[in-house]
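One structure is given below, encoded as structure tokens.
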Amino acid sequence: MAAGASNTTANDDWGKANFNDIYDCPDPRPYFATLRPLDYQIPHHGQSVFRALVHALRCLHPDRTPLNVVDLCCSYGINTALLNYRVTLADLSTRYTSHHLSALPTRHLAAEDRTFFAARRLPEAATATGIDSAARAVGYARAIGLLDHAFAENLEVTEPSPALRRALAGTDLITVTGGVGYVFTRTFARLLDSMPTPPWVAAFVLRTVPYQPIADLLARSGLVTEKLPTRTFRQRRFADSAERYAAFDTLAVNGLHTADKEADGYYHTDLYVSRPAPDIAALPLARLL
């Protein structure tokens with residue numbers, strides 16, 4: 001599919017438009033060219049939240065250095081770039097839709113990206129592990145240095161590989177900004193089974209997608225899930241009227257109102273943060289964020 005085009009065939013399971021053609025390209029340019037016109041912004045919100053959580057983990061557990069962060073459904077490593085480097089989502093969007101880079105072969109773009117990110121890496125950067133079924137996207141993020149460990153594995157379908165299990169063993173934080181709904185309890189169960197100590201989990205979840213089954217699963221590993229009560233976060237504009245109607249129908253069935261939220265033309269997400277009870281007692285979510 002040409003950069004900037006979108007296939008808005010509804011996902012049969014939950015009504016969301018299908019952008020599969022941009023999730024596993026050789027590099028991120030089609031991804032940003034397609035999503036930028038839709039004002040895609042959830043990684044921007046994730047940046048401040050994930051940095052705050054990493055800072056809190058360092059304060060509560062100063063012996064964990066560097067921290068180990070697993071980004072689930074990591075795609076091209078965008079969340080890791082925003083966590084570990086002096087860049088913003090707007091910087092990345094502008095970069096990957098620029099005329100200057102549009103004609104470069106992927107291998108030349110990768111070389112430029114390695115230099116670009118190396119010059120902007122934060123000294124306190126966390127060790128980053130990315131998991132996504134999109135092999136080319138994950139491979140690109142690893143090739144340019146955003147991910148320390150990269151795994152093209154679908155944990156809804158298969159058990160983690162031995163290498164992934166080893167990488168997961170010391171996880172401090174799991175992040176996800178758009179994957180819940182594509183991955184669900186089976187994935188989280190397999191992640192937790194690979195982790196001797198349950199990590200913190202921070203998930204931005206569309207309001208059209210249920211999170212309680214995952215929260216219940218996390219609870220069985222000793223994690224208490226809190227939903228940030230004060231606000232929701234925009235993900236992106238609806239791609240078309242069919243997507244909007246499907247979202248509104250799902251929200252109505254679940255008894256959720258769209259005023260001041262999806263009625264503004266955007267998908268909205270809730271933020272869920274799961275932590276052990278002693279960590280919550282030491283640093284309540286309202287104070288943390």
What's the spacing between [X] [atom1] and [Y] [atom2] if we round to 0.5 Å?
X    : Y    : atom1 : atom2 : result
Q235 : H268 : CD    : NE2   : 10.5 Å
T269 : I42  : OG1   : CD1   : 3.5 Å
D39  : R234 : CG    : CZ    : 7.0 Å
R58  : L53  : CZ    : CG    : 11.5 Å
L256 : E262 : CG    : CD    : 8.0 Å
S221 : D193 : OG    : CG    : 7.5 Å

Report yes if the side chains of [X] and [Y] come closer than 4.5 Å at any heavy-atom pair, otherwise no.
X    : Y    : value
T127 : H149 : yes
T94  : R36  : yes
V138 : S133 : no
H55  : R51  : no
F50  : L82  : no
L288 : R275 : yes
V70  : F151 : no
P276 : V224 : no

Under 3.5 Å donor-acceptor, [X] side chain and [Y] backbone:
X    : Y    : result
E153 : S161 : yes
R287 : A282 : yes
S93  : A90  : no
R165 : E159 : no
R244 : F238 : no
T34  : P30  : yes
R136 : D24  : yes

Is it true that [X] and [Y] fall in one hydrophobic cluster, defined by side-chain heavy atoms closer than 4.5 Å?
X    : Y    : result
I280 : V273 : no
L122 : V49  : no
L283 : V54  : yes
L251 : V180 : no
V205 : Y266 : no

Pair D71, T80 - check side chain to side chain donor-acceptor pair (under 3.5 Å), show working. CA-CA 7 Å; D71 190 36; T80 298; 4.6 Å; no
Evaluation steps, side chain to side chain contact (heavy atoms under 4.5 Å, CB included), between T171 and T129: CA-CA 9 Å; T171 302; T129 297; over 6 Å; no
Heavy-atom pair of closest approach, residues [X] and [Y]:
X    : Y    : result
L67  : R64  : CD2-O, 3.5 Å
C73  : G179 : SG-CA, 3.6 Å
A126 : V69  : CB-CG2, 3.8 Å
R142 : L147 : CD-O, 3.1 Å
A134 : D132 : N-OD1, 2.8 Å
T187 : E156 : OG1-OE2, 2.7 Å

Under 3.5 Å, is there a donor-acceptor pair linking the side chains of N79 and T177? yes
How about H61: does its NE2 atom have over 12 heavy atoms from other parts shown lying under 6.0 Å from it? yes
Run the side chain to side chain contact (heavy atoms under 4.5 Å, CB included) check on I78 and F32 step by step: do they pass? CA-CA 11 Å; I78 296 164; F32 281 97; 3.7 Å; yes
Classify the ring geometry between Y23 and Y31 as parallel (under 30°), tilted (30 to 60°) or perpendicular (over 60°). tilted
Tell me, with the steps shown, if C25 and Y76 meet side chain to side chain contact (heavy atoms under 4.5 Å, CB included). CA-CA 9 Å; C25 295; Y76 300 93; 3.3 Å; yes
Tell me, with the steps shown, if F184 and L217 meet side chain to side chain contact (heavy atoms under 4.5 Å, CB included). CA-CA 10 Å; F184 211 54; L217 174 73; over 6 Å; no
Measuring centre to centre across the rings, with the benzene-like ring taken for any Trp, is F204 within less than 6.0 Å of Y267? no
When you measure from the centre of the six-membered ring of F117, is the NZ or CZ of R121 under 6.0 Å away and within 45° of the axis? no
For Y96 and D113, run side chain to side chain donor-acceptor pair (under 3.5 Å): C-alpha distance rounded to whole Å, both residues' side-chain angles, the deciding distance at 0.1 Å, then the answer. CA-CA 10 Å; Y96 290 119; D113 274 349; 2.7 Å; yes
